[in-house]
Amino acid sequence: MNEATKEKEGKSFLHSMVRAVGGEKLVLMGAIVVVFILFSSINKNFFSLTNIINLLVAASLVGLVAIGHTYLIIAAQNDLSPGSLAAFSGTLCALLVSLHIPFLPSILITLAAAAMVGLFNAAMVNKIKLDPFIATLVTQAILRGFAYIICDGKPVPISDPAFLYLGKARFLQIPVSVWIMIIAFVVFGFILAKTKFGRSIYAIGGNKDAARLAGLNPQKIITICFVMMGLFCGIGGIVFAARMNSGQPAANINLEFDAITAVILGGVSFTGGVGTMGGTVLGIILIQAFNTGLIMVNVPSFWQYVARGALLLFALTSDYLRKEKRRKNLLAASMKNA
Amino acid sequence: MNEATKEKEGKSFLHSMVRAVGGEKLVLMGAIVVVFILFSSINKNFFSLTNIINLLVAASLVGLVAIGHTYLIIAAQNDLSPGSLAAFSGTLCALLVSLHIPFLPSILITLAAAAMVGLFNAAMVNKIKLDPFIATLVTQAILRGFAYIICDGKPVPISDPAFLYLGKARFLQIPVSVWIMIIAFVVFGFILAKTKFGRSIYAIGGNKDAARLAGLNPQKIITICFVMMGLFCGIGGIVFAARMNSGQPAANINLEFDAITAVILGGVSFTGGVGTMGGTVLGIILIQAFNTGLIMVNVPSFWQYVARGALLLFALTSDYLRKEKRRKNLLAASMKNA
Amino acid sequence: MEFSKSEPAKEDEQLGSTLEFKNISKYFPGVVALDDICFQAHSGEVLAFLGENGAGKSTLLKVLNGDYQPDKGQYLLDGVEKHFRTPHEAIEEGISVIYQERQILMELSVAENIYLGRMPANKMGVINIRQANKMAQKIISDFGLPISPQTKVKDLSIAYQQMVEIMKAYSRENLKVICFDEPTASLSDSEIQCLFDIIRKLKREDKIIIYVSHRMDELREITDKTAVFKDGRYVTTVANGEVSEKELIKMMVGRDLGDVYKNLDRDKTIGDVLLEVKNVSSDYVKENSFQLRRGEVLGFSGLVGAGRTELMRAIIGADHMRTGEVFLEGKKILNRSPKDAMDNGIVLVPEDRKMQGILANLSVKGNINISMLDQNSNQFGIMDPGKEEKTAAQGIQEFRIKTPSPDKKILELSGGNQQKCIVARWIATNPKVLILDEPTKGIDVGAKSEFYSMICAFAKQGLGVILISSELPEVIGLSDRIIIMKSLKIVGEVSHAEATEDRILSMSMIGGDNIHE
Amino acid sequence: GCSTDAPSGAAAGSAAPAAASKSGKMTVYGIYKAGDQSWFIDEGAAAKKAVEAAGGEFIYVDAKMSPEEYLKAIDNAIANNASGVVTCIPDQTMSQSVVDKLSAANIPVIAADDALQDGSGKKLVPWVGIDAYAIGDTNGKWLADYAKKNDLVSKPDTGLLILTMDTVSSCVPRAKGEYDAFTKALPAFNSGKIFKADYDGTTDKGNTAAAAVFTAHPEIKTWLVTGANEEGTIGACRALESAGLDKHACVVGLGAYLAKDEFKKPGGSPMKAATYFSSDSIGAGSIQVLLDKIAGKTVKEETAVSAEIVTPENYKKVMGAAAN
Ligand SMILES: Nc1ncnc2c1ncn2[C@@H]1O[C@H](COP(=O)(O)OP(=O)(O)OP(=O)(O)O)[C@@H](O)[C@H]1O
Ligand SMILES: Nc1ncnc2c1ncn2[C@@H]1O[C@H](COP(=O)(O)OP(=O)(O)OP(=O)(O)O)[C@@H](O)[C@H]1O
Ligand SMILES: [Mg+2]
Ligand SMILES: [Mg+2]
């Protein structure tokens, strides 16, 4: 009899846990719905297929970088070099192609370079024990310099048809860049949530020493995350160049901040060890939808800064209040049970 | 006899400790000396009074912000809003003066607004428990928006003679902006190193919860630090506007990164609880001297990005290697004694 | 991959294994942590490590599991020389060490913590979470604990977190050597008993078991032999019963302590009511009332999770006090924060040294002085370095903190020495009411006995002392009166004279004889 | 004339000791507001060539759109005893203080692209360039012409998009010139079909902003687009293409340094024209004026370089080597 009650309690506890996790992202989802309703009511074209595709295209590069940041920030790392690296990669690939190196080898060379940058970042963090924030600030400066240097500061036009096609091609109405992002979200979301590698990222972010003592290899995992980020920036930069029809050394400034903001909005914490890919997806959607909407409904440009800040603050505050409430409820429940 | 040897050993140990602490900043000092020798040998104008004053003027705003960051980062906080806040303050003050409000009240209103921004940042961190990085990113966006909004995006020219004088006045050949920075470094360096308040900052950076249980009020201390930073940005922004002869809403982008870089270079750590104001001073000098020198010896502008990144990396790496070596030496010494 | 415990166990049964340390030395800047350590440990017996704080016990274990590299010497497992460069390599060879400081991942579930780094997964690396939960549940049942494998570790009490640590080490396949570094410092009796059952099981399975503790009664109960360390040197190994406890202590401390409780100067007068707590509750604890008199040592006992810590936190304003009143010397006081409490003369030494005690990155001096900012500064708030030096020096001396310099980072001290710094911090403030939450956690016997005398001396001066301890002999030995808590409420009280371990235990479990009789 | 040259040349010897730099070699600073943009890179390269031809050293400084970086560079030039400065200032309200500083140090300065001017718009030093408003004016007029020719003025599905950079004060007049010229030339054009969208000067953000406007107004099938710099208009081209609106659209660039690549595209591009203003001639021209000034000659206060529209048909001829 007693055993049965315990069982039941256990179950209802489980239920409440499941509900809580499902509800984890309630605020974000709510905000997205509100944003869509609001902007659509002002301009009905906001909720059109074209706009949603636009929105996804605009999100495609920052989305890839956000995947990298989701991994890195959960692992209690960070990366400020993606903007420079994406610009460098796009410029390099355009340059190689313009030197009549075929498209595929150009891509491979570019990706190899991008991966090397990731390795370099990892080495600074792992070997010289630099804080990732400052280490990747170094890379940011150096790579931006190299992006300008290799093309003498001038955008490199792309005329290779295969390269241009990459920027234009669609499959089921959806551009390649968006497909890449969607597939990456699914694959890396799965890896993060369900695999040993994914879980080890949470472990080293939660407590690097504990993870090491349990037999994990934090340095290796951190290296993989940085190299992944390098590759995402490389791929994203190449596709971006294809979309713009030129490799642009000055492009993608602040890319990393847009990505980090989305990731944090999605519930990843700078202290490491918490967060999900689903949250990042919602964060990206919210920010992109909001940004596009502001232009569409013609909010004066200066007010857009304010609106963006206010949205971020509002979403984070609501999330905090919801969590506080849940905590209080759980507490009250456990006091009653005691 | 035995007692005496012990005494002596104790002393030599003390000596080695003193030397170690003094040597803490050896790499930075060395780097500064090298930079000066190098650039002066290429261009003798580098080591001229004019250039050194230039260098200090250029450092004056970022120096003030770096003081704020030294406090905040030692307290395990951070602030990304200074650039926006300085621009906002300069613009606001110029605007008020252009509306025929006398200079002094204009300054006071501006500083009150800047302090409020600091309070706001502190409230987000203390009350909504936001990560300071993301909280101040919110402020950064909102304030930049307001800076543009209040002046409709156009720089506000300054014609008030007192205001203009602030940007020009010199005392003992040294401009006011530099005096403000020097005095602030001395005063706040003293407070950090020698007072109760300074000690509390190290404590809450080391462990906020523990510090609270030990009878400190972390929220209050964090609030003071943010308000201080607000005031530094306000003062800096006003003097900057005076120097530029106009309040510029678009100014000071990336100011916070320059400051943070100098602070970290100076030995403050993002984990909180460590660092000194002396280190920050050296960090600022090194970066500013290097930047000025690169222009003087005509390094191509794109290579300047690379050079700056490389300097940062080099300085941090040398510092790491020096520390490693010192640790090894100490180890060897204790092995020998054993 | 299969995760069954029985298979590798069979291998071990074939022959007894030996672990041999040969001339191991390990240095830290200014410290000789290990000096030419030579001895052996054998399977099928529980070997205790005994030594003062900073004697090098933890360091030796860290050398053993590849966390540190020895500067000299080597160790052999079954006669084979081993050089582990990482803990991973040690684990692969069947060596598990449970650290003195919890090494646990708060945001992960119990099952994920237990199987950290070796979650059951398919070839592609995809985790089978249900299997992990099932396996974890089995281990939890082996231990007889009422926790679910899916619970996040941060929602567990410290004691259960510690048990998760132990389960993590225990669950490793291919286990040959298991070392416990003060595993019971945050456990209460029932968990300790279940830990001992597990250790006995491991012993039957012929593992090499090393057990570090400062609790002599535990060593008596669970260990077979004791290796004694002093100042980084190995002294000797004695079998249980070979020498008396007294002699053992003498070997490690270098002097005779006698019966620590009997020798205390308990001769003091208990005065009027100093602190009165009326119906205090918080988000974490129900309404409770009690009184503390001048010169009194008031013990608090209870099982883990009884709410002792939480009650004290509410009193000093560390948690929001929902209802109730606190009177000090008859005057009503309101503690909105620990600072208010401190200004009123009430201080709390917290139980969780790592999270709530030490200021990481700060020196020993900085840590000891942090509650003394007012006393060590002038009216302009400028610190007097001389006073700071003095407070630190006094703390280091009084508590015999082993550190080469007051400027050493506190994180580089041994666990027990860190604890001494934390206690020294609050003692230095000269409070009226001193609340100690598990203050002797990890402190060696010699220091403990000095600390006990210090508590009695405080009481004699007219202070009130509240002592929360899970070590029953300690509460009974020191307290003039003992309050028992259960399920977030005070359920009973016994005087020093009528206190026995059995009585307190039964009250903590059933809910207090005073009430039900 | 020749007769006046000699005495003023002699006067320069005493009045402008900076010219004879202490190191013996002439050092000229070129300080440009956005030194990482193709426009200024080309302008600087031309200036460098001209200075080196005169036996001097040219120091190119990128002010990164930052007033502070800019002022640092000016101070740097003074500390380095520069012989002269050519500059494009990021913010014209600072002009007076810059001119004061340089004249106190006796260093001649020539404004390139954007004038150094006082509050009333009066030029303080000799200026070489084309003014921002004039560029916009040219673009606006050309677009109005295009609309008339193609019978778009009264068509309900035609719209005009002007990409603005409200945060960059020197670019604001470009967009304003475009708007003014277009509406003045075509008063009949429905002003409800004129849209503005703000971006930050990069192709990326120009693309996002343009795409949002195109999507918001699907009723518009024919887009006329111009903006505040060439990067942004390129972004608009890409947005038109991905929205499938490129066939009927007409984008006009500013500078032609990127438009030339659009013109080369075999499949054509929505970029139908661009104002061309030669960065070479401004770069070299500004140095020429500076050298004259250093030499003590009287120089023209304004040297306007013409801004002319180039199209796929004529750009090779007009731009010469710059078209490659
Ligand atoms: N990381 C480190 N850096 C410097 N010194 C250290 C470090 N770890 C330990 N020590 C020093 O090594 C000596 C031995 O410490 P250890 O932790 O092994 O002691 P212990 O016997 O476990 O003590 P306790 O009973 O207090 O846990 C101490 O003097 C300590 O200060
Ligand atoms: N941070 C926390 N979050 C949620 N619950 C908590 C937290 N801290 C404590 N609790 C809960 O509060 C109750 C009492 O905690 P705790 O175990 O500290 O009591 P205690 O009587 O002080 O025990 P002991 O000191 O022996 O560990 C437990 O049920 C515990 O799970
Ligand atoms: Mg230990
Ligand atoms: Mg407790």
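In what follows, chains carry the letters A, B, and so on, assigned in the order in which the sequence lines appear, proteins first and then strands, with residues in each chain numbered from 1.
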Just give me the residue among A58(A), P155(A), A250(A), A251(A) that pairs up with chain D most often, heavy atom to heavy atom, under 4.5 Å. P155(A)
Contacting region of F39(A) [heavy-atom separation from chain D under 4.5 Å]: neither
Crowded around K193(D) NZ? As in, over 12 foreign heavy atoms under 6.0 Å? yes
From CA spacing to verdict: salt bridge (charged side-chain N to carboxylate O under 4.0 Å, His left out), D42(D), K154(A): CA-CA 9 Å; D42(D) 291 342; K154(A) 282 171 224 148; 3.3 Å; yes
Under 4.5 Å from any heavy atom of chain D - which part of N291(A): neither
Quick one: which of N43(A), T292(A), N54(A), N245(A) has the most heavy-atom pairs under 4.5 Å with chain D, could you say? N245(A)
Do the side chains of K260(D) and P157(A) get nearer than 4.5 Å, heavy atoms only? no
Within a 6.0 Å radius of atom CD on E219(D), are there more than 12 heavy atoms belonging to other residues, nucleotides or ligands? yes
Are there over 12 heavy-atom neighbours, none belonging to K64(D), within less than 6.0 Å of that residue's NZ? yes
Contact origin within K264(D) toward chain A - heavy atom pairs under 4.5 Å: neither
Applying a strict 4.5 Å limit to non-hydrogen atoms, the region of D166(D) in contact with chain A is both
Going by distance alone, is a donor N or O of one side chain under 3.5 Å from an acceptor N or O of the other, for N45(A) and T215(D)? no
Filtered by a 4.5 Å non-hydrogen cutoff, the part of residues 82-102 of chain A contacting chain D is none
Quick one: pull up CG in N252(A) and NZ in K205(D) and give me the separation to the nearest 0.5 Å. 8.0 Å
Go through the atoms of D36(D) and report whether side chain, backbone, both or neither lie under 4.5 Å from a heavy atom of chain A. both
N207(D) and R243(A): which non-hydrogen atoms are nearest, and at how many Å? OD1-NH2, 3.7 Å
Is the number of heavy atoms from other residues, nucleotides or ligands within 6.0 Å of NE2 (H217(D)) greater than 12? yes
For Y148(A), is it the side chain, the backbone, both or neither that has a heavy atom under 4.5 Å from a heavy atom of chain D? side chain
Can you give me the closest heavy-atom contact between D198(D) and S301(A), atom names plus distance? CB-CB, 3.3 Å
Leading residue by heavy atom contact count with chain A [cutoff under 4.5 Å; candidates T202(D), I234(D), D204(D)]: D204(D)
Other residues, nucleotides, ligands: >12 heavy atoms within 6.0 Å of K316(D) NZ: no
Note, I295(A) side chain near F195(D) side chain (heavy atom, < 4.5 Å): no
About how many Å separate CZ of R238(D) and OG of S246(A), when rounded to the nearest 0.5 Å? 7.5 Å
Straight-line distance of T203(D) OG1 to M244(A) CE, nearest 0.5 Å: 6.5 Å
